[in-house]
J.: 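I'd like to ask some things about the structure below.
Any value given below was found using the heavy atoms of this structure, including those in side chains, with hydrogens, waters and symmetry copies removed.
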Amino acid sequence: MPIPSLQHLLWRGLWLLAAGLCLLPKPSAAQNVHAVTETSVFVQIIDGKAAGPATEITEKTLQLAGLKDYHISVYPWARAYEIAQNEPNVLIYLLARTPEREPLFQWVGEFSQIRYSLYKLRARTEVNGSTMAAARNQTVGVMREDLRHQYLRKQGFTRLVVSSVSSENFSQLMNSKVDLIPMSDAGAANLCREFKVDCNTVLEKQLTLDDLNIGLYMAYSKGTAPEVVRRTATAFEHLRANGTVRKLMDSAPSR
């Protein structure tokens, strides 16, 4: 008996995923999914509508799942997170998957991994954030109730200045209102471009927060019907397996 080629096995796997979507029960016609997120390097607002690679993946996923009755809202993170915790039929993206959050949502699929570091202004030589102990003595800018805010608070940081959006947080750093802010490399590059500054000249990375090397996911609120979660997860896996998720996430301008 001939041994199937790797390409044959891959295509067979994709065919089975597509077939699985067809076999799942159709969602109720009245099912309306409210997708929520925040602006980031992967999510922008263009002509008043949510756009960017993560939004494109989310829309493709919902359409492939047969969930055509949806709308997407971009909020400050704390608002998006609150809606996803308290309302049914809410799909939140990009949500860091942590042990604390595990029981709070119905997890669908991973967009990518991300790592955060503490950054300071290169010109501010008096600021030292090279160790956790040193960083605790600095004023640190964070976004309200996002992963970095929750993590630093848990690590005993008390000098936290809270903003509602990343651009406000970055402005605080640029104006020396805070000493440090936690950002991913991609997020830092995106904000430098938005503020029209050269990252290499203006910023200095101080400390990589190894505990925050984590996956960014889409997830449903707890009150969402299991059939909707299953269809969405199957559709997302199909897009991940055929390379669409990776291709679109890699297309973000600062990556």
J.: Heavy atoms only: give me the nearest Ala51-Ile46 pair and the separation to one decimal.
T.: CB-CD1, 3.8 Å

J.: Mind running side chain to side chain contact (heavy atoms under 4.5 Å, CB included) on Val33 and Asp69 for me, showing each step along the way?
T.: CA-CA 7 Å; Val33 173; Asp69 190 7; over 6 Å; no

J.: Measure the shortest side-chain to side-chain distance between Ile72 and Glu59 over non-hydrogen atoms and say whether it is less than 4.5 angstrom.
T.: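 The answer is yes; the side chains approach within 4.5 Å.
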
J.: In terms of side-chain heavy atoms, does Glu168 have a donor or acceptor partner in Ser164 at a distance below 3.5 Å?
T.: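 Judged by distance alone, the side chains do pair up.
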
J.: In terms of hydrophobic clustering (I, L, V, M, F, W, Y; side-chain heavy atoms under 4.5 Å; direct or indirect links), are Val43 and Tyr217 co-clustered?
T.: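 The answer is no; the residues belong to distinct hydrophobic clusters.
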
J.: Give the C-alpha distance, both sets of side-chain angles, the deciding distance and a yes or no for side-chain hydrogen bond (donor to acceptor under 3.5 Å, both in side chains) between Tyr151 and Asp146.
T.: CA-CA 9 Å; Tyr151 172 76; Asp146 88 335; over 6 Å; no

J.: For Lys154, is there an ion pair with Glu100 - N to carboxylate O distance below 4.0 angstrom?
T.: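 Counted as a salt bridge, because a side-chain N and a carboxylate O are separated by less than 4.0 Å.
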
J.: Is it the case that one hydrophobic cluster holds both Phe42 and Leu191, taking links as side-chain heavy atoms less than 4.5 Å apart, direct or via other members?
T.: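 Each belongs to a different hydrophobic cluster.
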
J.: Is the shortest heavy-atom distance from the side chain of Ile57 to the side chain of Met249 under 4.5 Å?
T.: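 Contact flag for Ile57/Met249 side chains = yes.
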
J.: Please assess Leu209 against Ser117 for the test side chain to side chain contact (heavy atoms under 4.5 Å, CB included), listing each intermediate value before the final yes or no.
T.: CA-CA 5 Å; Leu209 303 171; Ser117 301; 5.8 Å; no

J.: For Arg144, does the CZ atom have more than 12 heavy-atom neighbours from other residues, nucleotides or ligands under 6.0 Å away?
T.: no

J.: I'd like to check Trp77 versus Met143 (side-chain heavy atoms, cut-off strictly below 4.5 Å). Are they in contact?
T.: no

J.: Taking atom types as modelled and ignoring hydrogens, do the side chains of Asn242 and Thr244 form a donor-acceptor contact shorter than 3.5 angstrom?
T.: yes

J.: Between Gln106 and Lys222 (side chain of the first, backbone of the second, donor and acceptor by atom type, cut-off under 3.5 Å), is there such a pair?
T.: yes

J.: How long is the gap from OG1 on Thr39 to CD on Gln44, to the nearest 0.5 Å?
T.: 8.5 Å

J.: Do you know which two heavy atoms are closest between Cys199 and Ala189, and how far apart they sit?
T.: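 Here Cys199 and Ala189 meet closest at SG-CA, 3.9 Å.
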
J.: Identify the heavy atoms of Ser130 and Gln206 that sit nearest to each other, and give their distance.
T.: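 Closest approach of Ser130 to Gln206: N-OE1, 3.6 Å.
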
J.: State yes or no: do Tyr75 and Val41 share one hydrophobic cluster built from I, L, V, M, F, W and Y residues joined by side-chain heavy-atom distances below 4.5 Å, directly or via other members?
T.: no

J.: With a 4.5 Å heavy-atom cut-off, do Val165 and Glu38 have their side chains touching?
T.: no

J.: Step by step, work out the salt bridge (Lys or Arg N to Asp or Glu O under 4.0 Å) result for Asp185 and Arg115.
T.: CA-CA 8 Å; Asp185 290 348; Arg115 174 175 289 178; over 6 Å; no

J.: At their closest point, which heavy atom of Val108 faces which heavy atom of Ala233, and how far apart are they?
T.: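 So the two residues come closest at CG1-CA, 3.7 Å.
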
J.: Check Glu227 with Arg230, please: is the shortest side-chain N to carboxylate O separation under 4.0 Å?
T.: no

J.: Please check if Val228 and Tyr93 belong to a single hydrophobic cluster, counting links between Ile, Leu, Val, Met, Phe, Trp and Tyr side chain heavy atoms closer than 4.5 Å.
T.: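 In one cluster: yes.
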
J.: Apply the test side chain to side chain contact (heavy atoms under 4.5 Å, CB included) to residues Leu62 and Lys68: give CA-CA distance (whole Å), side-chain angles for both, the deciding distance (0.1 Å), then the verdict.
T.: CA-CA 7 Å; Leu62 292 172; Lys68 304 215 163 97; over 6 Å; no

J.: Just checking, any donor-acceptor pair under 3.5 angstrom between side chains of Thr61 and Thr58?
T.: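 Looking only at side-chain atoms, Thr58 and Thr61 do not form any donor-acceptor pair under 3.5 Å.
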
J.: To the nearest 0.5 Å, what is the distance between OG (Ser221) and CG (Asn86)?
T.: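 One finds 9.5 Å between OG of Ser221 and CG of Asn86.
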
J.: Could you tell me whether the side chain of Arg97 and the main chain of Ile214 form a donor-acceptor pair under 3.5 Å?
T.: no

J.: Mind checking the NZ-OG spacing from Lys49 to Ser73? Nearest 0.5 Å is all I need.
T.: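 If I round to the nearest 0.5 Å, the distance is 13.0 Å.
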
J.: Any non-hydrogen side-chain atom of Leu212 less than 4.5 Å from a side-chain atom of Arg148?
T.: yes

J.: Using 0.5 Å steps for rounding, measure from the CZ atom of Phe170 to the SG atom of Cys192.
T.: 4.0 Å

J.: Measure across Val140 and Ala135 and return the closest heavy-atom pair with its distance rounded to 0.1 Å.
T.: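 For Val140 and Ala135, the tightest heavy-atom pair comes out as CG2-O, 4.1 Å.
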
J.: Is the closest side-chain heavy-atom distance between Val36 and Val90 below 4.5 Å?
T.: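 With C-beta onward as the side chain, the pair touches.
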
J.: Determine whether a donor-acceptor pair (N or O, by modelled atom type, separation under 3.5 Å) exists between the side chain of Trp107 and the backbone of Glu102.
T.: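 Present.
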
J.: Give a yes or no on whether the backbone of Ala186 and the side-chain of Asn190 come within a donor-acceptor separation of less than 3.5 Å.
T.: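 It does not hold such a pair.
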
J.: Is the Phe111-Phe236 ring centre distance short of 6.0 angstrom?
T.: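 Yes, the ring of Phe111 comes within the 6.0 Å limit of the ring of Phe236, centre to centre.
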
J.: How many angstroms lie between CD in Glu110 and CE in Met218, if you round to the nearest 0.5 Å?
T.: 12.0 Å

J.: Taking the side chain as every heavy atom from C-beta outward, state whether Leu216 and Gln113 have any atom pair closer than 4.5 Å.
T.: no

J.: Could you check whether any side-chain N or O of Arg136 sits under 3.5 Å from a backbone N or O of Gln155, counting only pairs where one atom can act as donor and the other as acceptor?
T.: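 Yes; judged by distance alone, with no hydrogens or angles, the pair exists.
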
J.: Measuring only between side-chain heavy atoms, which start at C-beta, is Val127 closer than 4.5 Å to Leu180?
T.: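 Side chain of Val127 against side chain of Leu180, heavy atoms only: contact under 4.5 Å found.
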
J.: Using the ring of each side chain (for Trp, its six-membered ring), is His34 parallel, tilted or perpendicular to His71, with breaks at 30° and 60°?
T.: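 Ring orientation of His34 relative to His71: parallel.
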
J.: Taking the side chain from Thr139 and the backbone from Val178, do they hold a donor-acceptor pair closer than 3.5 Å?
T.: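 No; judged by distance alone, with no hydrogens or angles, the pair does not exist.
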
J.: With rounding to the nearest 0.5 Å, note down the distance linking OG in Ser40 to CE in Met183.
T.: 14.0 Å

J.: What are the two closest non-hydrogen atoms of Leu64 and Ala235, and how far apart are they?
T.: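 Shortest heavy-atom separation between Leu64 and Ala235 comes out as CD2-O, 3.6 Å.
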
J.: Whether the Asn32 and Tyr70 side chains hold a donor-acceptor pair (N or O, under 3.5 Å, no angle test) is what I'd like checked.
T.: no

J.: Tyr116 and Thr208: side-chain donor and acceptor closer than 3.5 Å?
T.: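 Tyr116 vs Thr208: no donor-acceptor pair found between side chains.
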
J.: Does Asn200 offer a backbone N or O that forms a donor-acceptor pair with the side chain of Arg122 under 3.5 Å?
T.: yes

J.: Are Arg124 and Asp179 within salt-bridge range, i.e. N to O under 4.0 Å?
T.: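 Looking at Arg124 and Asp179, the cut-off is met.
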
J.: Given the side-chain rings of Tyr220 and Phe105, with only the six-membered ring counted for Trp, is the space between their centroids under 6.0 Å?
T.: no

J.: Say whether Leu94 and Leu239 are linked into one hydrophobic cluster, either directly or through other cluster members, by side-chain heavy-atom distances under 4.5 angstrom.
T.: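 Leu94 and Leu239: one cluster.
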
J.: Quick test of your reading of the model: are Glu145 and Arg153 salt-bridged, counting only N-O distances below 4.0 Å?
T.: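 Judged by the 4.0 Å cut-off on N to carboxylate O distance, Glu145 and Arg153 do form a salt bridge.
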
J.: Counting only N and O atoms by type, is there a donor-acceptor contact under 3.5 Å from the side chain of Asn169 to the main-chain atoms of Val142?
T.: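 Answer holds: yes.
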
J.: Given Glu204 and Leu121, is the side chain to side chain contact (heavy atoms under 4.5 Å, CB included) satisfied, shown in steps?
T.: CA-CA 6 Å; Glu204 181 178 322; Leu121 293 180; over 6 Å; no

